[in-house]
Number of protein chains: 2
Amino acid sequence: MSTQAPRRVRTGKRQDVMTAALNEFQEHGFLETSMDRIAEVAHVSKRTVYNHFASKEALFEAILDELIVRCGHLEFPPLNEEPLEDQLLVIGRMYAELVTSDDFIKLSRVVLSRFIQSPRMAGTAVTGREPQKPIQNWIETAQKQGRLPPFDAAQATTQFAGMITSTEYWPRLIQNETAFDEQGRDQYLKSIVSMFLGHYAHLETPTSPA
Amino acid sequence: MSTQAPRRVRTGKRQDVMTAALNEFQEHGFLETSMDRIAEVAHVSKRTVYNHFASKEALFEAILDELIVRCGHLEFPPLNEEPLEDQLLVIGRMYAELVTSDDFIKLSRVVLSRFIQSPRMAGTAVTGREPQKPIQNWIETAQKQGRLPPFDAAQATTQFAGMITSTEYWPRLIQNETAFDEQGRDQYLKSIVSMFLGHYAHLETPTSPA
DNA sequence: ACTTTACTGCACCGTTCAGGGTAGTTTCAA
DNA sequence: TTGAAACTACCCTGAACGGTGCAGTAAAGT
């Protein structure tokens with residue numbers, strides 16, 4: 001299994017290596033993936049891999065960097081005059097989308113497979129503490145403007161995000177299952193928003209549909 | 001680093017090996033732990049390890065089995081006449097306790113470190129889908145007895161459990177941090193219960209303390 | 001045509017590690 | 001006391017793997 005690489009005019013070897021490595025890493029984990037294997041999958045000689053990346057570690061870091069950039073930062077529309085319910089629903093959707101995006105899942109897998117035992121940086125990207133910061137900011141803004149009463153915003157954020165990740169993120173990360181179809185998910189998000197605001201904003205909540 | 005093992009009269013070698021292996025596995029992961037290392041930590045010759053366990057894989061499975069048994073099954077007090085709030089709080093506490101117990105965390109780590117890439121059994125024990133079943137049962141019982149209105153019990157359970165795991169389980173698993181002290185946790189649980197029942201049981205909820 | 005650059009293929013090194021073999025020693029029960 | 005079972009110390013193997021060196025080729029710029 002090697003011989004002729006498929007006709008490849010461009011000199012995107014470096015990118016090929018990274019792509020192959022990313023897939024192997026996220027599928028089989030860091031240690032279970034050999035450099036030989038990566039070279040093979042990338043249709044590239046092992047030496048080429050090492051010409052581009054000094055070591056397996058360096059290759060891994062390069063992938064991490066790219067992935068982090070690719071995931072970017074959540075940017076919600078700023079607090080406006082619309083009903084909080086509608087705005088929070090949008091936020092919930094965006095958060096769920098980020099957290100289930102291919103890139104984010106890959107990033108999580110790759111990080112997790114490497115750092116379960118060394119908490120150095122594992123937590124930062126993975127536990128979702130980082131990406132849920134914008135939610136907290138939004139809540140705090142709403143509080144400052146008197147649209148929400150004072151309460152522990154960090155805790156509330158954790159609750160809100162926790163309900164989302166527990167169905168959207170973790171199951172997808174660990175197994176590959178998705179709990180909902182498009183529509184089921186939206187109904188679930190609505191239920192979360194309603195519960196959340198019902199508790200924290202004294203909203204009259206129509207009971208959720210059976 | 002060998003010579004005389006510390007005075008050890010009993011012939012608990014097999015148990016010693018399992019204990020040592022469990023610790024090494026959960027701390028360093030499956031692949032990063034060598035059989036030599038396990039033998040050393042267990043104060044046992046490598047040959048003894050292999051006399052008890054046919055292979056590294058077999059040793060791993062034995063540990064898994066023991067751990068699963070040790071975690072046991074959640075058994076809540078059955079639905080009674082007390083206020084639902086109190087009962088649900090107890091349930092929340094018990095669930096949180098299980099999910100943060102040393103054994104459960106170790107089990108999760110050990111499984112996770114081995115099976116991120118093969119969903120075979122990873123999910124079963126880890127995602128917490130299994131241990132949250134008793135919660136769902138409790139809710140369904142309450143619905144049958146008319147103490148709670150009809151709604152999607154599975155979804156509600158996921159929400160409830162999700163809020164707990166997101167602060168108690170995942171941070172502890174990935175990093176080793178605990179989000180709360182004893183008292184903060186209880187306040188958090190109360191907030192969850194209040195939010196949950198406020199939404200699903202039309203309870204008049206006094207707003208949470210600021 | 002010539003040089004440079006990227007790439008290949010392959011042999012090779014050093015290490016780590018699972019697992020086996022064995023001869024000798026300790027433990028313990030009959 | 002004796003004999004079997006458990007255990008130890010130590011040596012060995014074969015394979016996998018990270019990483020290097022090198023000679024050669026294909027292509028692209030000049």
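Letters A, B, ... are given to chains in the order of the sequence lines, protein chains preceding strands, and every chain is numbered from 1. All of these numbers come straight from a predicted model, not from anything done at the bench. All values below come from the heavy atoms of this structure, side chains included, with hydrogens, waters and symmetry mates left out.
Of the two residues near DNA chain D, Asn51(B) and Asp36(A), the one whose nearest nucleotide lies more 5' is Asn51(B).
Proximity of Thr48(A) to the phosphate of dT8(C): a side-chain N or O atom is located under 4.0 Å from OP1 or OP2. An OP1 or OP2 oxygen of dA6(D) is reached within less than 4.0 angstrom by no side-chain nitrogen or oxygen of His52(B). Within the structure, every side-chain polar atom (N or O) of Lys46(B) is placed at least 4.0 Å from both OP1 and OP2 of dC11(D). For Lys56(A) and dG18(D), the shortest distance from a side-chain N or O to OP1 or OP2 is below 4.0 Å.
Take Phe180(A) and apply the ring pair (Phe, Tyr, Trp, His ring centres under 6.0 Å) test, not counting sequence neighbours, and it matches Tyr188(A). Residues passing the ring pair (Phe, Tyr, Trp, His ring centres under 6.0 Å) test with Phe196(A), sequence neighbours excluded: Phe160(A), Tyr200(A). Considering only residues two or more places apart in sequence or on other chains, Phe30(A) meets the ring pair (Phe, Tyr, Trp, His ring centres under 6.0 Å) condition with Phe25(A), Phe60(A). Residues forming a side chain to side chain contact (heavy atoms under 4.5 Å, CB included) with Ala39(B) (at least two apart in sequence, or on another chain): Lys46(B), Val49(B). Here Asn51(A) pairs with Arg47(A) under the side chain to side chain donor-acceptor pair (under 3.5 Å) rule; sequence neighbours left out.
Put simply, the side chain of Arg47(A) and the base of dG9(C) share no donor and acceptor less than 3.5 Å apart.
One interatomic measurement links the two molecules: CE of Met35(B) to C1' of dT16(C), which rounds to 15 Å at whole-angstrom precision. When rounded to the nearest whole Å, the span between CZ of Arg14(B) and P of dA6(D) equals 12 Å. Computed from coordinates, the Phe30(B) CZ to dC17(C) P distance equals 13 Å when rounded to whole Å. Regarding Gln15(B), its CD atom lies at a distance of 17 Å from the C1' atom of dA6(D), rounded to whole Å. Following rounding to the nearest Å, Tyr50(A) (OH) and dC12(C) (C1') show an atom-to-atom distance of 14 Å. Atom CZ in Phe60(B) sits about 19 Å away from atom C1' in dG19(C), given to the nearest Å. Rounded to a whole Å, the CG atom of Leu59(B) is 16 Å from the P atom of dC17(C). Atom pair Glu32(B):CD and dC17(D):P shows a separation of 14 Å (rounding to whole Å applied).
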Which pairs, protein N/O on one side and nucleotides 23-26 of chain D N/O on the other, fall under 3.5 Å?
none

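When distances run from any side-chain atom of Ser34(B) to the nucleotides dC7(C), dA18(C), dC7(D), the shortest one goes to dA18(C). Closest to the Ser45(A) side chain, of the nucleotides dT8(C), dA18(C), dC7(D), is dT8(C).
Among Gln87(A), Glu85(A), Arg93(A), the single residue meeting the side chain to side chain contact (heavy atoms under 4.5 Å, CB included) criterion with Leu89(A) is Arg93(A).
Between Gln26(A) atom CD and Leu107(A) atom CG the span is 11.0 Å, to the nearest 0.5 Å.
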